[in-house]
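Values below: all heavy atoms of this structure, side chains included; hydrogens, waters and symmetry mates excluded. Remember, predicted model here, so these are calculated numbers, not experimental data.
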Amino acid sequence: LEGNKIGNSTAVEISNILLILNIEILALGKNNIGDEGAIAIANGIEKSNSIKTFDISENVFGESGKAALSSSIMKNKSLEFAKLSNEQVLDDASLVTLRLINQTFIF
């Protein structure tokens, strides 16, 4: 789906599909997704048991979208690779480290 400029409304629909289908790869780069769409996708990513690779780089979401995505990525146990922007690439080792740090600080 990369490069189709789907925007927020389609991103919301995709987040619902993540809960129904066993999607392993989700490439949403260059799609004009803002905070609303990023937050919706984050909810789907957090609850997905099948997603392994996720790319939502080169979109237009801001801090609230980044925060929601970061939180969902740390909570998701199936994810092996995530790319939030051109500067933020997380591989399996990075994700494991983030999850361990996150678990360490939960009381």
- For Asn8, what residues pass the side chain to side chain donor-acceptor pair (under 3.5 Å) criterion, not counting sequence neighbours? none

- Note on the structure: When every non-hydrogen atom of Ala38 is compared with those of Gly65, the smallest separation belongs to CB-CA, 3.8 Å

- Message: So, using side chain to side chain contact (heavy atoms under 4.5 Å, CB included) as the criterion, who are the partners of Glu13 when residues are at least two apart?
- Response: none

- CD-CD distance between Glu24 and Glu80, expressed to the nearest 0.5 angstrom: 8.5 Å

- Message: What's the separation between atom CZ in Phe81 and atom CD1 in Ile51, rounded to the nearest 0.5 Å?
- Response: 12.0 Å

- The side chain to side chain contact (heavy atoms under 4.5 Å, CB included) partners of Asn43 (sequence neighbours excluded) come to Ile39

- Item | Nearest non-hydrogen partners of Glu46 and Ser72, listed with the distance | CB-CB, 3.7 Å

- Nearest non-hydrogen partners of Ser48 and Ser50, listed with the distance: OG-N, 3.2 Å

- Spacing of CD belonging to Glu2 relative to CG belonging to Asn4, to within rounding of 0.5 Å: 9.0 Å

- Item | Considering all heavy atoms, the nearest Ile41-Ile56 contact | CG2-CD1, 4.3 Å

Which pairs would a plain distance check flag for residues 14-23, meaning a side-chain donor or acceptor within less than 3.5 Å of a matching protein atom at least two apart in sequence or in another chain?
residue: Ser15; atom: OG; partner: Val12; partner atom: O; Å: 2.6
residue: Asn16; atom: ND2; partner: Val12; partner atom: O; Å: 3.4

- Query: Between atom CG of Asn59 and atom CG of Asn32, what is the distance when rounded to the nearest 0.5 Å?
  - Reply: 7.5 Å

- Item | Main-chain N/O of Ala67 paired to Ser70 side chain as donor or acceptor, under 3.5 Å | no

- Task: Return yes if a side-chain donor-acceptor contact under 3.5 Å exists between Asn76 and Ser78, otherwise no.
- Result: yes

- Note on the structure: d(Lys52 NZ, Ile25 CD1) to nearest 0.5 Å is 10.0 Å

- Note on the structure: Those residues at least two apart in sequence (or on a different chain) that pass side chain to side chain contact (heavy atoms under 4.5 Å, CB included) with Ser9 are none

- Query: Which atoms form the tightest heavy-atom contact between Ala11 and Gly37, and what is the distance?
  - Reply: CB-CA, 3.7 Å

- Query: Can you name the nearest heavy-atom pair linking Leu84 to Phe54, along with the distance?
  - Reply: CD2-CE2, 4.3 Å

- How many angstroms lie between atom CG of Asp55 and atom NZ of Lys30, to the nearest 0.5 angstrom? 9.5 Å

- Listed by chain and number, what are the side chain to side chain donor-acceptor pair (under 3.5 Å) partners of Ser64, not counting sequence neighbours? Asp35

